[in-house]
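Step one of this worksheet: look at the structure below.
Note that ligands are numbered from 1 as they come in the structure, with each ligand's atoms numbered from 1 the same way.
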Amino acid sequence: MADTLTIKDNRTGKTFDVKITDDTIKATDLRQIKVKDDDFGMMTYDPAFMNTASCKSSITFIDGDKGILEYRGIPIEQLAEKSTYVETAYLLLNGKLPNEKELTDWNHEITMHTILNENLKALIDAFRYDAHPMGRLISTMAALGTFYPEAKNIFDAECRQRQIVRIIAKIITIGAFNYRRGIGMPYAYPDNDFTYPGNFLNMMFKMTESKYKVSPALEHALDILFILHADHEQNCSTSTMRVIGSSQADPYSSVAGAAAALYGPLHGGANEAVIHMLRQIGSNKNIPAFIEKVKAGEGKLMGFGHRVYKNYDPRARIIKQAAYGVFEVTGKNPLLDIALELEKIALEDEYFVKRKLYPNVDFYSGLIYQALDIPMGMFTVMFAIPRVSGWLAQWQELLLDPDQKISRPRQIYTGPRQLDYIPVQNRK
Ligand code: ACO
């Protein structure tokens, strides 16, 4: 029988035919496999979702073995070279590139929504001076939603679109305001004359000058970084966005949750960890000893390895190239030589070759952020800013997908059963 999988249960001798679609079987089709009629039925055990498709998606394509990444079918290399982040966000959300008018309108919309409600500043002011920028971002994003109670109308397309625009537009203001608050600088308000990345740099770094001057080279490099980070299909934070969204929470709460998932050092926190690692290595002569430690299981080579890419992460290649453009303006980051040598040694080492460990997007991005004068604590915020467009595109796809319901995995219970309650005075 074509396009089916025949499963024989050796416990009972029964066979089952299960339909195959897109090289995949439906997990619920396994439930018919039982020993006794009142059994729950067979499940799959897949901690960390190593081999489970949680959705059908037409947003981002990755071939991890070949090192291919496409947004809506367009290779990331072409977008990095020819598009802007704002246009790419439109592509992710709408499934096609905008025509000229659509692009002008979209740019206008995003630019016009960057201002935060002044009352939100009281919340930003309340953080301690040394609060981590990601803690600030997560909380401020959740709080932003309280200004828009209408956002809970997630099935109203117009209302949904308003929140999407607000989140993409305001996240640069949230990131920059929280940074300024942390260093005791007055807030710099959005300036509609700038592009999206230019406006972010303006709000971060404007001093007393009446008009901030953006370096076109740095603005362009930042735009490329934003494009590269905009989406990456069902990673940890995007899955979090979908799981929270599946309960029909408002998008601000879902984005705050997704940002919390991104905060972890194994995900968006890795670029910060790379700089710590390069500083700790300190000089090229210490690299062999460092590599030996990693191979002995004492720590990881941060910025290397990926759940999906078993080849060079295409984003790392583009970032490495962009870094040179930035260093021409800012001067070379002294950690670059260590990074290049570390990469060279690791790519020739059998341990890394055998495990298919290559540089990922985070290996070089931190070096550019540092050159842009962005402090390390802000690195994950730099990742979260563009990733909101991916999260929102995935969230919208989820809401419109008739196959989806509230997310609710199963478990294999391994604890005791039917114990008696013991009053506290009788417990050992
Ligand atoms: N350094 C050294 N060894 C590594 C590394 C690394 N960076 N990454 C994986 N390995 C080893 C593992 O120890 C394991 O070895 P073993 O088979 O001898 O036990 C093998 O390679 C397979 O690794 P897993 O941990 O099974 O791979 P997984 O897919 O679970 O992890 C991850 C992927 C989390 C990205 C991992 O490679 C890692 O921790 N890398 C460093 C952190 C990092 O750079 N994260 C950024 C990821 S990209 C992003 O989120 C934007």
Subject >> His232 and His267: CA distance, side-chain angles, deciding distance, ring pair (Phe, Tyr, Trp, His ring centres under 6.0 Å) verdict >> reply: CA-CA 12 Å; His232 212 233; His267 193 8; 9.1 Å; no
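- For Gln404 against Cys55, the heavy-atom pair with the smallest separation is NE2-CB, 3.4 Å.
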Would you mind writing out a table of all protein N or O atoms found under 3.5 Å from any N or O atom of ligand 1, naming both atoms and giving the distance to 0.1 Å?
from     : atom 1 : to     : atom 2 : distance (Å)
ligand 1 : 1 (N)  : Leu301 : N      : 3.0
ligand 1 : 3 (N)  : Tyr351 : OH     : 3.1
ligand 1 : 7 (N)  : Leu301 : O      : 2.7
ligand 1 : 7 (N)  : Phe304 : O      : 2.9
ligand 1 : 15 (O) : Arg355 : NE     : 3.2
ligand 1 : 18 (O) : Arg355 : NE     : 3.1
ligand 1 : 18 (O) : Arg355 : NH2    : 3.0
ligand 1 : 29 (O) : Arg307 : NE     : 2.7
ligand 1 : 30 (O) : Arg307 : NH2    : 2.9
ligand 1 : 39 (O) : Lys300 : NZ     : 2.9
ligand 1 : 40 (N) : Phe304 : O      : 3.0
ligand 1 : 44 (O) : Gly303 : N      : 2.9
ligand 1 : 44 (O) : Asn360 : ND2    : 2.9
ligand 1 : 45 (N) : Leu266 : O      : 3.3
ligand 1 : 50 (O) : His267 : O      : 3.4
ligand 1 : 50 (O) : His267 : ND1    : 3.0

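- Side chain of Asp223 to backbone of Tyr85: a donor-acceptor contact under 3.5 angstrom is found.
- Tyr187 does not carry Arg181 over the face of its six-membered ring by the limits of under 6.0 Å from the centre and within 45° of the normal.
- Taking the ring axis of Tyr309 as reference, the NZ or CZ atom of Arg307 does not stay both within 45° of it and closer than 6.0 Å to the ring centre.
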Original post:
Do Gln370 and Asn333 pass the side chain to side chain donor-acceptor pair (under 3.5 Å) test, and can you show the C-alpha distance, the side-chain angles, and the key distance before you say yes or no?
Top reply: CA-CA 8 Å; Gln370 261 201 334; Asn333 186 328; 2.9 Å; yes
